[in-house]
Engineer: 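I have a structure here, written as structure tokens, and I will follow up with some questions on it.
Just so it is clear: chains get the letters A, B, ... in the order the sequence lines come, proteins before strands, and each one is counted from 1. The figures that follow rest on heavy atoms only: side chains count, while hydrogens, waters and symmetry mates do not.
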2 protein chains.
Amino acid sequence: MEVPTFAHVQAAAGRIAPFVHRTPVLTSETLDAVAGATLLFKAEPLQKSGSFKMRGAANAVLSLPEAEATRGVATHSSGNHGAALSRAATLRGIPCWVVMPEGAPAAKRQAVAAYGGSIVPCAPTLKAREESAARLLAETGARFVHPYEDPAVVAGQGTCALELLAQAPAIDLLLVPLGGGGLLSGTLIAARELAPAVEIVGVEPAGADDAARSLAAGVITPLPRPETVADGLRATLGELAFAVLREHRCRVVTVADDAIVEAMRLIWQRLKLVAEPSAAVPLAAVLSGAVEAAGRRVGVVLSGGNVDLPR
Amino acid sequence: MEVPTFAHVQAAAGRIAPFVHRTPVLTSETLDAVAGATLLFKAEPLQKSGSFKMRGAANAVLSLPEAEATRGVATHSSGNHGAALSRAATLRGIPCWVVMPEGAPAAKRQAVAAYGGSIVPCAPTLKAREESAARLLAETGARFVHPYEDPAVVAGQGTCALELLAQAPAIDLLLVPLGGGGLLSGTLIAARELAPAVEIVGVEPAGADDAARSLAAGVITPLPRPETVADGLRATLGELAFAVLREHRCRVVTVADDAIVEAMRLIWQRLKLVAEPSAAVPLAAVLSGAVEAAGRRVGVVLSGGNVDLPR
């Protein structure tokens with residue numbers, strides 16, 4: 001798997017521009033006062049399909065040659081990537097299949113269906129999921145689009161930092177949620193050429209700190225059972241992201257779940273944005289002191305806003 | 001009380017520009033599909049202090065001559081206007097007093113205090129509130145800034161439509177929440193010169209339909225006890241707004257509380273915006289069929305996002 005370059009991120013930006021929002025950068029003087037810093041929030045909950053995942057999915061779908069694209073795309077992520085891929089495929093007019101365990105939350109099934117994806121049910125085990133996906137690909141000839149182990153997806157996610165760095169100049173520190181690593185590696189690639197002086201830090205939940213462990217061990221070290229309220233960040237760091245993080249000597253910090261919940265509450269209350277727990281992880285790093293933000297201009301990527309709302 | 005003109009709205013826009021956000025216009029293909037229309041949401045929950053009230057309050061405070069301004073400003077609105085006026089006064093470096101009944105919700109007291117306003121407690125009766133305000137004004141020489149019976153406030157609220165009409169061209173229909181009428185009358189004044197073909201409709205809760213009754217009766221007709229979930233729209237239509245609505249032959253429609261709650265839920269879910277019930281009233285008019293939106297380009301003013309969040 002080839003690591004994408006800055007040129008790939010730039011090409012992605014041009015390719016996906018008609019299909020994604022240039023999301024605004026929001027600020028709050030109250031949060032600035034609490035942090036003692038200038039916080040610049042990239043508001044990806046306002047992105048199409050409700051998260052930055054639309055960027056990578058759109059780039060992957062739009063990059064496919066016509067002959068391959070007509071056979072469709074498939075994935076087994078039932079979260080934001082599954083919804084985003086469904087939407088990207090619908091925009092291109094090609095089919096999308098999402099392998100999803102029986103018993104998955106209704107909200108996730110509805111999101112995929114609403115965006116035009118077809119749900120392929122499977123038994124709720126990893127083995128059943130992989131077998132269902134393999135059978136589906138064999139039968140349809142669809143292209144499998146992994147949520148982060150895919151250069152086109154990583155290049156697409158990099159467009160988020162491309163925009164933020166253009167919208168909010170002179171950022172000192174850029175904080176990015178870290179799960180599988182697609183967003184963080186795309187950000188590192190985008191920022192290296194555009195703003196090499198910016199410090200980029202990945203933030204992961206303490207209960208899903210496989211990236212911190214992997215970087216320390218020098219080898220990908222999955223957690224047997226990640227446990228965190230930030231469900232979007234439970235994925236294991238990918239090989240592609242691992243290589244990029246190591247090359248960039250990227251720093252990774254962790255935050256506890258209670259800090260994540262408190263940060264999420266502040267985002268809802270102060271930025272008036274519906275943010276999912278995963279999106280609150282970077283602000284939690286500022287407020288808990290896991291990163292030194294005082295006196296700095298800090299870019300904070302709010303990754304998405306797909307949560308089940310109470311009645 | 002003189003009715004402000006389009007020139008006053010333009011002057012307000014220039015005056016307040018450094019102190020307010022040019023809030024984005026958000027869209028949702030899902031909501032468009034539900035409505036059968038193109039909906040363009042002006043996102044005032046992202047406004048400073050969390051609502052459009054910042055516009056009018058900033059214009060009122062910045063319009064004061066220096067000699068008068070130094071004595072400060074006061075109001076007895078404990079909602080969004082009280083918070084916005086506190087913030088505007090702090091920006092100008094002058095004092096702000098907010099007369100507030102003992103037992104007002106902690107969130108409202110905190111908002112005023114956080115923005116630098118001083119709370120003047122009074123007994124929870126209209127008489128006590130008016131006496132406290134009168135005493136305060138006599139003692140301090142502060143200028144009373146009414147939440148909507150004030151030409152500078154109305155001109156400031158008009159800047160919201162000024163922006164929306166520039167950001168989203170070719171709007172056919174513009175829907176505005178209607179309580180005291182400051183936002184709606186400012187909108188009518190702004191749009192008449194800028195986009196005279198746009199139909200502007202005020203939307204009020206069925207349980208607080210004093211504006212519809214007042215227009216029908218030809219005289220302001222307060223409700224003895226307005227009852228609606230949209231707490232920001234319980235105020236009685238002001239004289240100033242009444243005159244502007246009559247002059248423009250503005251249409252007013254009403255929506256039931258259950259439609260308001262459902263619209264609010266859709267805004268949170270689809271636009272990822274924390275909107276207060278009052279802000280959802282115009283979308284409720286679209287979804288309940290109170291206005292004919294099908295096939296049209298519809299501007300929807302989301303007025304604010306100040307709600308108490310559950311833990």
Engineer: Do you know which of B:N306, B:V274, B:L309 makes side chain to side chain contact (heavy atoms under 4.5 Å, CB included) with A:Q269?
Structural biologist: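 Exactly one option meets the side chain to side chain contact (heavy atoms under 4.5 Å, CB included) with A:Q269, and it is B:L309.
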Engineer: Below 4.5 Å from any heavy atom of chain B, which atoms of A:P45 appear? Answer side chain, backbone, both or neither.
Structural biologist: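 Answer is both: backbone and side chain atoms of A:P45 are under 4.5 Å from chain B.
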Engineer: Could you state the interatomic distance from NZ (B:K272) to CG (A:L302), rounded to the nearest 0.5 Å?
Structural biologist: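 Between B:K272 NZ and A:L302 CG, I get 13.5 Å after rounding to 0.5 Å.
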Engineer: Counting heavy-atom pairs closer than 4.5 Å to chain A, which one of B:R270, B:R87, B:H21 comes out on top?
Structural biologist: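 Going by pairs under 4.5 Å, I would pick B:R87.
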Engineer: Grab the two heavy atoms, one from B:L46 and one from A:L26, that are nearest each other, plus how far apart they are.
Structural biologist: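 For B:L46 and A:L26, the tightest heavy-atom pair comes out as CD2-CD1, 3.8 Å.
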Engineer: Taking only residues two or more places apart in sequence, or in another chain, which ones meet B:D32 in a side-chain contact (heavy atoms from CB on, under 4.5 Å)?
Structural biologist: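 Testing B:D32 for side-chain contact (heavy atoms from CB on, under 4.5 Å), a comparison that skips the adjacent residues, returns B:T38, B:L39.
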